[in-house]
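Let me begin by presenting the structure, written as structure tokens, before commenting on it.
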Amino acid sequence: METLDSLGPRICIMGPSNSGKSTLANAICRARGLKAVHLDQLSHLPNTDWILRPAEEFVALHDEEITGSEWVIEGNYSRLLPQRLERATGFILIDVPTTISLYRYIKRCWGNSVRHGALEGGRDSVKLSMIRHIIGATRLNRQNYQRMFDGLDIPKIQIHSQRKLAAFYRINGLNI
């Protein structure tokens with residue numbers, strides 16, 4: 001398995017909803033002294049129940065973040081991916097099973113722990129629309145992400161299971 005050292009100072013992390021992208025981004029940033037950017041926080045208004053920002057405002061915030069010299073950006077938002085990949089020096093694709101994503105979603109909504117990448121002032125609650133998204137969109141997105149990943153010309157790492165994700169944390173000296 002590749003290590004973080006090969007990915008450089010600007011890393012994109014993508015994967016299904018609730019696959020561990022935010023937690024991994026924060027762990028990398030703590031270990032490497034980089035800035036974490038959580039696209040859900042840019043895309044949604046703080047202190048709301050996940051209300052979207054106006055599209056042009058989100059694009060402006062996104063494009064401002066990618067101008068930095070060092071960052072870890074986690075989130076999908078594929079329509080803005082070309083700009084991110086132009087600046088990225090490395091890429092991580094987390095591709096855990098859908099059952100893991102569903103479990104993590106329920107756990108984060110019903111648990112009392114602090115969630116990495118949470119919306120400021122927001123509260124996660126179980127929503128049928130999110131469950132449908134995790135189950136339905138994940139299959140199609142998985143195929144699209146794989147094609148995109150295969151075509152990347154930058155250093156990249158793909159993680160297919162919770163076991164491999166745990167190994168990636170260990171190998172790279174990361175802490176949750």
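The residues of the chain are indexed from 1 along the displayed sequence.
Contact annotation: the side chain of N144 approaches that of R147 to within less than 4.5 Å [non-hydrogen atoms, C-beta and beyond]. No side-chain heavy atom of E65 sits less than 4.5 Å from a side-chain heavy atom of L39.
With hydrogens and angles ignored, the 3.5 Å screen pairs a side-chain donor or acceptor of K156 with a backbone N or O of F149. R142 contributes no side-chain N or O that, together with a main-chain N or O of P16, makes up a donor-acceptor pair within less than 3.5 Å. R10 contributes no side-chain N or O that, together with a main-chain N or O of I73, makes up a donor-acceptor pair within less than 3.5 Å.
For the side chain to side chain contact (heavy atoms under 4.5 Å, CB included) with F91, the qualifying choice from L85, I157, I13 is L85, the only one to do so. None of C12, P9, C29 except one satisfies the side chain to side chain contact (heavy atoms under 4.5 Å, CB included) rule with W71; the exception is C12.
Shown here are the side chain to side chain donor-acceptor pair (under 3.5 Å) partners of Q146, two or more places apart in sequence or in another chain: D150, Q158. Every residue meeting the ring-ring contact (aromatic ring centres under 6.0 Å, His included) condition with Y77, not counting sequence neighbours, appears here in chain and number order: F58. Checked against side chain to side chain donor-acceptor pair (under 3.5 Å), T98 has no partners two or more places apart in sequence or in another chain.
Here the closest heavy-atom approach between residue Q162 and residue V96 is recorded as OE1-CG1, 3.7 Å. L80 and H62 make their closest contact through O-CE1, 3.5 Å (heavy atoms, listed as atom of the first residue, atom of the second, distance). Listed here is the closest heavy atom pair of S78 and Y145: OG-CE2, 3.8 Å. Minimum heavy-atom separation, N26 to A36: OD1-CB, 3.4 Å. When every heavy atom of G75 is checked against every heavy atom of K21, the shortest pair comes out as CA-CE, 4.1 Å.
To the nearest 0.5 Å, atom CD1 of residue I154 and atom OG1 of residue T89 are 7.0 Å apart. To the nearest 0.5 Å, the span separating CG on N175 from CZ on R170 amounts to 12.5 Å. The CG atom of L61 lies 9.5 Å from the OG atom of S43; values are rounded to the nearest 0.5 Å. Here L165 contributes atom CG and D95 contributes atom CG; the two are 11.5 Å apart, rounded to the nearest 0.5 Å. Atom CD1 of I66 is separated from atom CD of Q83 by 5.5 Å, given to the nearest 0.5 angstrom. Between Y169 atom OH and I28 atom CD1 the span is 7.5 Å, to the nearest 0.5 Å.
Cluster membership check: F168 shares its hydrophobic cluster with I94, using side-chain heavy-atom separations under 4.5 Å among Ile, Leu, Val, Met, Phe, Trp and Tyr. Hydrophobic clustering places I92 together with I176 (ILVMFWY residues linked when any side-chain heavy atoms are closer than 4.5 Å, directly or through intermediates). By the criterion of side-chain heavy atoms lying less than 4.5 angstrom apart, applied directly or through intervening Ile, Leu, Val, Met, Phe, Trp or Tyr residues, L52 is not grouped with L45; the two fall into different hydrophobic clusters.
Within a 6.0 Å radius of NZ in K35, no more than 12 heavy atoms belonging to other residues, nucleotides or ligands are found.
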Trace of the side chain to side chain contact (heavy atoms under 4.5 Å, CB included) decision for R84 with L81: CA-CA 5 Å; R84 276 197 308 280; L81 186 58; 3.5 Å; yes
Between L174 and L4, does a side chain to side chain contact (heavy atoms under 4.5 Å, CB included) hold up when you go through it step by step? CA-CA 10 Å; L174 302 176; L4 275 176; 3.8 Å; yes
Take M14 and N141 through the side chain to side chain contact (heavy atoms under 4.5 Å, CB included) test and state the conclusion after the steps. CA-CA 10 Å; M14 290 180 66; N141 288 344; over 6 Å; no
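R32 has no carboxylate O lying under 4.0 Å from a charged side-chain N of E70, or vice versa, which leaves the two without a salt bridge.
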